[in-house]
Amino acid sequence: MKLKNGIVTNSIDGESFAIATGDAAKEFNGLIKNNPTAAFIFELLKTEQTEDSIVDAMLEKYEVDEPTVRADVKELIDLLKSKNLIED
């Protein structure tokens with residue numbers, strides 16, 4: 001899975017955001033403000049990923065247990081799927 005074409009991420013004054021542009025804006029018209037961990041996941045999703053590869057990257061970057069990471073990753077992925085922002 002990965003972010004759909006047209007989902008753009010950026011940081012402004014230390015805040016991370018994702019917005020839909022082009023055709024993606026027809027399905028999602030809004031702005032997503034990301035915390036640092038969500039911003040990290042968005043960056044990973046710019047290339048093809050699996051849920052496991054995201055969990056592995058999170059475990060490598062942050063000091064947190066796997067069940068917590070797995071639950072958080074699943075929650076964000078489910079949200080992105082519900083907004084039709086990622087491709088399977």
Side-chain angles (χ1 to χ4, degrees):
M1 77 186 112
K2 69 178 192 171
L3 289 174
K4 284 192 166 189
N5 287 334
I7 306 300
V8 177
T9 61
N10 204 343
S11 292
I12 301 170
D13 200 24
E15 299 288 334
S16 295
F17 299 93
I19 59 171
T21 63
D23 287 339
K26 294 176 185 173
E27 295 185 43
F28 180 80
N29 187 10
L31 172 86
I32 301 167
K33 182 178 175 190
N34 291 319
N35 65 22
T37 54
F40 180 68
I41 293 171
F42 266 76
E43 288 303 311
L44 292 172
L45 286 169
K46 288 181 175 181
T47 60
E48 190 66 35
Q49 298 291 325
T50 64
E51 195 168 315
D52 287 339
S53 69
I54 295 169
V55 167
D56 290 344
M58 295 285 289
L59 289 171
E60 211 171 284
K61 183 169 178 72
Y62 299 102
E63 287 188 32
V64 66
D65 62 283
E66 184 174 344
T68 300
V69 169
R70 193 164 293 284
D72 290 348
V73 168
K74 181 172 178 16
E75 182 180 350
L76 181 57
I77 289 172
D78 287 348
L79 175 65
L80 294 175
K81 284 181 179 179
S82 75
K83 302 295 183 189
N84 204 24
L85 297 176
I86 56 176
E87 303 170 341
D88 281 325

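The backbone N or O of A18 sits nowhere less than 3.5 Å from a side-chain atom of T9 that would complete a donor-acceptor pair.
Of the inter-residue distances, the one linking I7 atom CD1 with K83 atom NZ reads 12.5 Å to the nearest 0.5 angstrom. With rounding to the nearest 0.5 angstrom, the NZ atom of K26 is 4.0 Å from the CG atom of D23. Distance CG/L76 to CG/N34: 7.5 Å, rounded to 0.5 Å. The OH atom of Y62 lies 15.0 Å from the CG atom of D65; values are rounded to the nearest 0.5 Å. Atom-to-atom distance recorded for E48:CD and D88:CG is 9.0 Å, nearest 0.5 angstrom.
T37 and N35 share a donor-acceptor pair across their side chains, judged by distance under 3.5 Å alone.
I19 and I12 fall within a single hydrophobic cluster, where Ile, Leu, Val, Met, Phe, Trp and Tyr are joined by side-chain heavy atoms under 4.5 Å apart, directly or via other members. Taking hydrophobic clusters as Ile, Leu, Val, Met, Phe, Trp and Tyr residues chained together by side-chain heavy-atom distances below 4.5 Å, F17 does not share a cluster with F40.
Here the side chains of L85 and I32 are in contact, with some heavy-atom distance below 4.5 Å. In this structure, the side chains of I41 and M58 come closer than 4.5 Å at one or more pairs of heavy atoms. For the pair I77 and I86, the minimum side-chain heavy-atom distance is below 4.5 Å.
In terms of heavy atoms, F42 sits closest to L3 at O-CD1, 3.6 Å. Among all heavy-atom pairs drawn from A25 and A20, the shortest one is CB-O, 3.6 Å. In terms of heavy-atom proximity, L59 sits nearest to V64 at CD2-O, 3.3 Å. Across all their heavy atoms, M1 and L45 have their closest contact at CG-CD2, 3.9 Å.
Legend: salt bridge (charged side-chain N to carboxylate O under 4.0 Å, His left out) pairs involving residues 2-14, not counting sequence neighbours, sorted by first then second residue: K4-E27.
Every residue two or more places apart in sequence or in another chain was checked for a side chain to side chain donor-acceptor pair (under 3.5 Å) with S82, and none qualifies. Checked against side chain to side chain donor-acceptor pair (under 3.5 Å), E51 has no partners two or more places apart in sequence or in another chain.
Around CD of E60, the count of heavy atoms belonging to other residues, nucleotides or ligands within 6.0 Å does not exceed 12. Heavy atoms of other residues, nucleotides or ligands lying less than 6.0 angstrom from CG of N29 number 12 at most. The environment of NZ in K46 is crowded: more than 12 heavy-atom neighbours from other residues, nucleotides or ligands sit within 6.0 Å.
A salt bridge is absent between K81 and D78; no separation between the charged side-chain nitrogens and carboxylate oxygens falls under 4.0 Å.
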